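Notes to accompany the following structure.
Just so we're on the same page: letters track the sequence lines, and every chain starts at 1. Predicted, not measured: the structure shown is a model, and the values here were computed from it.
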Amino acid sequence: MSQVRVRFAPSPTGYLHIGGVRTALFNWLFARREQGTFILRIEDTDQSRSTDEAIQAILDGMRWVGLDWDQGPFRQTERMDLYRHHALQLLDRQQAYWCVCTAEELDARRQEAQAQGGQQKYDGRCREKGILNPSGDAALRFRAPQAGQTIIEDLIKGRVVFDNAVLDDLIILRSNGYPTYNFSVVVDDALMGITHVIRGDDHLTNTPRQVPMFQALGFTVPQFGHLPMIMGSDKTRLSKRHGATSVLAYRDMGYLPEAMINYLVRLGWSSGDQEIFSIAELVEKFSFEHVQKSAAVFNPDKLLWVNAYHIRHGDPSRIVSLLMPFLEQKGFGQAVKTTPVGWMEQLVIMLRERARTLVEMAAAAEPYLMPEPTMEPEAVHKFLTPQMAPILETLAQRFNSDKVFSKETLEGIFKVLLEESGLKMGQLAQPVRVALTGRAVSPGIFEVIDLLGREATMMRLRRGIAVAQGVHS
RNA sequence: GUCCCCAUCGUCUAGCCUGGCCUAGGACGUCGGCCUUUCAAGCCGGCAACACGGGUUCAAAUCCCGUUGGGGACACCA
């Protein structure tokens, strides 16, 4: 049984795009499922566009979503000798030839052909020149087959047939000595023993160009699987216009990596009616059989829902640690450090029902992390009225004299007071809520009291009473 | 322009390969209700799709052909 070897091969020309993450994910899932090897390769042969920052962003993004690689990251610029060696080998075998047409000439001819509506491919004028030692700048071209067909048995699309007549004599070595994409991929995929090339279907038409190169080089042709693309709401290729497309932007917006993975995998893949998956479940269930052939529209609303689900059902201690950077950003770093872990977990459990992102959760956490939470003016105006002051005072006294200060006894105190005063639950709970949190919206009032504990509850209640009495309003 | 891919609710999809169980299922969103101390969460329900036209067949969302529509590729970018 031959071991599965797959790769993710991004070019470092910008941040890591979520479309790229999905491609990486499918490769990773397949590798893990088959207990194969997942390789990370950086395709940086375009010197003018590749940057070190982009490489860093790719690695950071991959690490954040948890797609760990078994080999690499390899950089193509460190493997130049390999490409040159194999290109020259093709030259020796006359499967490649030197072309002395300049980029400008080619450009002009292409435009002319386009104007006349003709085929936009290299006219082959250097094909039979037999140039052996080009004097000036020259590029090496692959002699592509012009007869017959190239047939791809795609893992996702099925059988795809191309007439070789449409094949161009691609440049494989630029005049600056650098290999071009279609050639370096072939050499690397072959040398790295890649068994399955899983990539976006924008590469489908590159496949018949690459297959003859594998053959000319004497390499085994790998299997191919072309994933449908992700599109924006207007059905055009997903780009910045549609919103954030960098994975790290989603991290910063408070999305969980597992939610990102869960959402992305469902974009083009399914397992019956199931919507929520753990990573382990995905590894167990993933297969190309259920990968969709058609493109999918990215839906931020559903991603948000998936994220909220994972926040609600995730391990609280994990959510606490993921939440930490957002709390630090708000200046609560110190406050949290001196807070017991168990208390933080309770806070998260209390807040998770109404937070769709970690950013929302951090905002909701504020009143509980500061000794004197800021009071929303409208909430104060509406609920902390002078006539509420005596009732709150009574409540405070009874709370204070309560021996155990537990959720149950406090609820009892509340009930008795409601009966005595004739107030409805909402009429009492809202003022208390504003006194304790400064807001008109919060988790259940007894949960809040329970989390705050006697001391903080009493302090805040007193402050609320003062506000209600008009000490400042 | 040439080549290639694709086509089920607004969106993600199940079903299609191996026609009948489909009055087309689920999810997001949306609308209405329940629950309720606010807001959520949860629960119940509504609206909403087989692109079109021909075949094949007793029977087609499912098979075949065409049309239309969408996407992708045609660089000394990847």
Looking just at side-chain N and O atoms, do [X] and [Y] make a donor-acceptor pair shorter than 3.5 Å?
| X | Y | answer |
| --- | --- | --- |
| N27(A) | H196(A) | no |
| T437(A) | R460(A) | no |
| H203(A) | N206(A) | yes |
| Q430(A) | K382(A) | no |

Base versus backbone protein contacts along nucleotides 61-70 of chain B [heavy-atom cut-off under 4.0 Å; B, S, -]: ----------
Per-nucleotide protein contact string for nucleotides 37-44 of chain B (B base, S sugar-phosphate only, - none; heavy atom under 4.0 Å): BBBBSS--
Is there, by distance only and without an angle test, a donor paired with an acceptor across the side chain of [X] and the base of [N] below 3.5 Å?
| X | N | result |
| --- | --- | --- |
| S175(A) | C76(B) | yes |
| D201(A) | G72(B) | no |
| E275(A) | G26(B) | yes |

R439(A) atom CZ, neighbour heavy-atom count above 12 within 6.0 Å: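 Yes, CZ of R439(A) has more than 12 neighbouring heavy atoms, counting only those of other groups under 6.0 Å.
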Qualifying residue, where the test is ring-ring contact (aromatic ring centres under 6.0 Å, His included) with Y263(A) and the options are F277(A), Y309(A), F298(A):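 The residue from F277(A), Y309(A), F298(A) that satisfies ring-ring contact (aromatic ring centres under 6.0 Å, His included) with Y263(A) turns out to be F298(A).
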Pair partner, [N] [Watson-Crick or wobble, under 3.5 Å]:
| N | value |
| --- | --- |
| A48(B) | none |
| U37(B) | none |
| C16(B) | none |
| C63(B) | G55(B) |
| U68(B) | A7(B) |
| G1(B) | C74(B) |

By nearest atom, which of the nucleotides [options] is closest to the [X] side chain?
| X | options | value |
| --- | --- | --- |
| L267(A) | G26(B), C4(B), C12(B) | C12(B) |
| R174(A) | C28(B), U13(B), A78(B) | A78(B) |
| M229(A) | C76(B), G72(B), C3(B) | G72(B) |

Cation over ring face, R141(A) and Y122(A), 6.0 Å, 45°: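 Yes, a cation-pi geometry.
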At under 4.0 Å, does any side-chain N or O of [X] touch on OP1 or OP2 of [N]?
| X | N | result |
| --- | --- | --- |
| Q114(A) | U2(B) | no |
| R110(A) | A75(B) | yes |
| K302(A) | U11(B) | no |

Within-4.5 Å side-chain heavy-atom neighbours: R356(A) and I311(A):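 No. Closest side-chain heavy atoms not under 4.5 Å.
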Side chains of Q223(A) and I198(A) in contact at under 4.5 Å (non-hydrogen atoms):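 No, every pair of side-chain atoms sits at 4.5 Å or beyond.
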5' priority, RNA chain B, between R237(A) and S294(A) [closest heavy atom]: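 Its nearest nucleotide lies further toward 5', so the answer is S294(A).
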NA contact type, [X], heavy-atom cut-off 4.0 Å: base, sugar-phosphate, or nothing?
| X | value |
| --- | --- |
| H226(A) | nothing |
| Q427(A) | nothing |
| S11(A) | sugar-phosphate |

Length of the line joining L303(A):CG and A27(B):P, which is rounded to integer Å: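 Those two atoms, CG and P, are 19 Å apart.
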Identified side-chain hydrogen bond (donor to acceptor under 3.5 Å, both in side chains) partner of H226(A) from the options D202(A), T207(A), T205(A):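 In the set D202(A), T207(A), T205(A), the residue that makes a side-chain hydrogen bond (donor to acceptor under 3.5 Å, both in side chains) with H226(A) is T207(A).
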